[in-house]
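Working notes for the structure below.
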Amino acid sequence: MVNAALTRVPMSQAPVRRYHVMVKPIGSLCNLDCTYCYYLHKAELLGTKSNFRISDEVLETHIRQYTEGQDGDEVVFTWQGGEPTLLGLSFYEKVVALQQKYKRPGQRIDNDLQTNGTLLDDDWCRFLRRSHFLVGLSIDGPEELHDAFRRSKGGQPTFKKIFAAAQLLHKHDVTFNTLTVVNRLNATRPLDVYRFLSREVRPRELQFIPCVEPKNFRTTAPQQWNPESLPQLGSTAARPGTADSVVTDWSVDPEDWGKFLCKVWDDWYSRDYGKVFVNLFETAVAQWMGMESQICVYHDFCGKTVVLEHNGTVYSCDHYVYPRYELANILQTTSSNMVFSDRQKNFGLNKFASLPQRCRECEYLFACNGECPKNRLLRTPSGEPGLNYLCSGLKKFWSHIDPIMPQIRRRIEEEQQRRN
């Protein structure tokens, strides 16, 4: 994905503007009722209980602004939800036509679509292939693990439909990644999850997202918690499943997250290195080689991707769609003005500025950078707020892979020499 960044170029040229907008064209409307979904409640929170569909005016305004507002040769449109396929195939045919209308000469337009896959059929897949959409398919592992939390509005299991969607995508040669939410249950079976996804679903890339949700996530925006109410690292409240826990029961346990990553890494490195791509591992290798993180949560600043809701309102981040983090509406100002505003820059830079001293002194700061600020739910043993809920698990993983990184670096350098 293209991230929002002001990239320096030679003095003879103007700065290159690049940013990324994640569009919610149908808001939080979805045909599933996943237990852990952080977005289903947005309709009530934002007061948009009806007319979820993005208007033609907002859609065309976004596509025009987005292509005009950045100077790179590539512009990536991201469509999420809710469930964006509820809008129907004709909507995305209109999207492609508008993109062709507004793109500049030499500008490349790419699209990615995050979906639960339940509505995909042959017609959809033919369109996705023809229009070169990258698909993100949400699937949480083998059937019993997937169906534990990902069910329909009527409480019915969804695995069979989603696994069938993966086969359809293969049949039509549609490029797709998997997005797996690692929760309290599937985190305890890392190899079952990884081997099923890599060998049976067979996406281009595996993406793992840890499920971390404060108990009050439906009403309280991230980083608006009372610092005194945050539990300390090592307390019972810093783990899921306890009466005083700071997170929901389905949130991943920090220790299990670390074990999950270590187990999957070992299997990946011994069997699948160079053949299977895992987003967290790819970015770890890059960072150990001195490059920037390829994932926003491990970068030293954030705010590079904003969210456009169906009514044209833009928010600072996908996990910050709360009234406090509303920027403006694209019908009143441009998305590029919002992204490069002082307010959004300060939002992004605050990621590093708000780190507790414990993080600043950590040997793995270069790899973690405090992870996502939305997960900074703990206090350090000295009482300083802002420690990431996943800290103990992440440190377990970083220390596990650290001794292997010199070997990986040598392998990469040798491969580069052979190619040259």
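A quick note: this is a predicted structure, and the numbers were derived from the prediction, not measured.
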Taking atom types as modelled and ignoring hydrogens, do the side chains of [X] and [Y] form a donor-acceptor contact shorter than 3.5 angstrom?
X: Q224; Y: R324; result: yes
X: S335; Y: H62; result: no
X: N177; Y: R204; result: yes
X: N31; Y: T118; result: yes
X: N388; Y: E371; result: yes
X: R150; Y: T35; result: no
X: Y364; Y: N369; result: no
X: T236; Y: D244; result: yes
X: Q80; Y: D112; result: no
X: H172; Y: D122; result: yes
X: E83; Y: T85; result: yes
X: T305; Y: H20; result: yes

_For the aromatic rings, using the six-membered ring if either is Trp, is the centroid distance between F260 and Y194 under 6.0 Å?_
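No, ring centres 6.0 Å or more apart.
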
*Can you check whether W288 and Y298 have ring centres sitting under 6.0 Å from each other?*
no

Ignoring hydrogens, what is the shortest heavy-atom contact between [X] and [Y]? Give both atom names and the distance.
X: K351; Y: V297; value: NZ-O, 2.7 Å
X: P385; Y: L230; value: CB-CD1, 4.2 Å
X: S138; Y: I162; value: O-CG2, 3.5 Å
X: I412; Y: V285; value: CD1-CG1, 3.6 Å
X: P84; Y: P25; value: CB-CG, 4.3 Å
X: K103; Y: Q100; value: CE-OE1, 3.4 Å

Side-chain ([X]) to main-chain ([Y]) donor-acceptor, under 3.5 angstrom:
X: H299; Y: S293; answer: no
X: T67; Y: R64; answer: yes
X: Y325; Y: P222; answer: yes
X: E326; Y: Y322; answer: no
X: D253; Y: T188; answer: no
X: H319; Y: Y38; answer: no
X: N329; Y: N311; answer: yes
X: T283; Y: L280; answer: no
X: S341; Y: M338; answer: yes
X: S229; Y: N226; answer: yes

*Partner residues of T334 under the side chain to side chain contact (heavy atoms under 4.5 Å, CB included) criterion, sequence neighbours left out*: Q65, S336, N337

_Tell me every residue that passes side chain to side chain contact (heavy atoms under 4.5 Å, CB included) with A164, counting only those two or more places apart in sequence or in another chain._
none

Starting at [atom1] of [X], measure out to [atom2] of [Y] and round the result to the nearest 0.5 Å.
X: K396; Y: L261; atom1: NZ; atom2: CG; value: 11.0 Å
X: S131; Y: L113; atom1: OG; atom2: CG; value: 11.0 Å
X: E205; Y: L134; atom1: CD; atom2: CG; value: 9.0 Å
X: C262; Y: W398; atom1: SG; atom2: CH2; value: 10.5 Å
X: L233; Y: S392; atom1: CG; atom2: OG; value: 6.0 Å

_Lys NZ or Arg CZ of K24 over F52 ring: under 6.0 Å, within 45°_ = no

*Take the angle between the ring planes of F127 and F133 and call it parallel below 30°, perpendicular above 60°, tilted in between.*
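It falls in the tilted class, 30° to 60°.
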
*Take F301 and F352 through the ring-ring contact (aromatic ring centres under 6.0 Å, His included) test and state the conclusion after the steps.*
CA-CA 6 Å; F301 63 91; F352 189 85; over 10 Å; no

Is there a side-chain contact between [X] and [Y], using heavy atoms and a 4.5 Å cut-off?
X: R358; Y: E384; result: no
X: L179; Y: I209; result: yes
X: L86; Y: L119; result: yes
X: W79; Y: V95; result: yes
X: Y389; Y: R376; result: no
X: L206; Y: F277; result: no
X: E255; Y: R239; result: yes
X: P240; Y: T248; result: no

*After noting the C-alpha distance and the side-chain angles of D267 and R199, does the key distance pass the salt bridge (Lys or Arg N to Asp or Glu O under 4.0 Å) rule?*
CA-CA 12 Å; D267 203 53; R199 298 171 192 179; 3.6 Å; yes

*Could you please spell out the steps behind the ring-ring contact (aromatic ring centres under 6.0 Å, His included) verdict for F176 and H170?*
CA-CA 9 Å; F176 75 100; H170 279 300; 5.0 Å; yes

For the pair [X] and [Y], find out whether any cationic side-chain nitrogen is under 4.0 Å from an anionic carboxylate oxygen.
X: E143; Y: K160; answer: yes
X: D147; Y: K161; answer: no
X: R218; Y: E213; answer: no

*Keeping to residues at least two apart or across chains, list the salt bridge (charged side-chain N to carboxylate O under 4.0 Å, His left out) pairs with something in residues 280-301.*
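Listed once each, the pairs would be none.
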
*Give the C-alpha distance, both sets of side-chain angles, the deciding distance and a yes or no for salt bridge (Lys or Arg N to Asp or Glu O under 4.0 Å) between K101 and E60.*
CA-CA 10 Å; K101 175 181 177 181; E60 187 160 1; 2.9 Å; yes

*Take F281 and Y273, measure what ring-ring contact (aromatic ring centres under 6.0 Å, His included) needs, and give me the verdict at the end.*
CA-CA 10 Å; F281 301 164; Y273 176 85; over 10 Å; no

*asked:* Could you walk me through whether W124 and Y92 satisfy the ring-ring contact (aromatic ring centres under 6.0 Å, His included) test, starting with their C-alpha distance in whole Å, then the side-chain angles of each, then the deciding distance to 0.1 Å, before giving a yes or no?
replied: CA-CA 10 Å; W124 263 105; Y92 294 95; 5.7 Å; yes

*Pick from F347, F217, Y39, Y315: which one makes a ring-ring contact (aromatic ring centres under 6.0 Å, His included) with Y320?*
F347

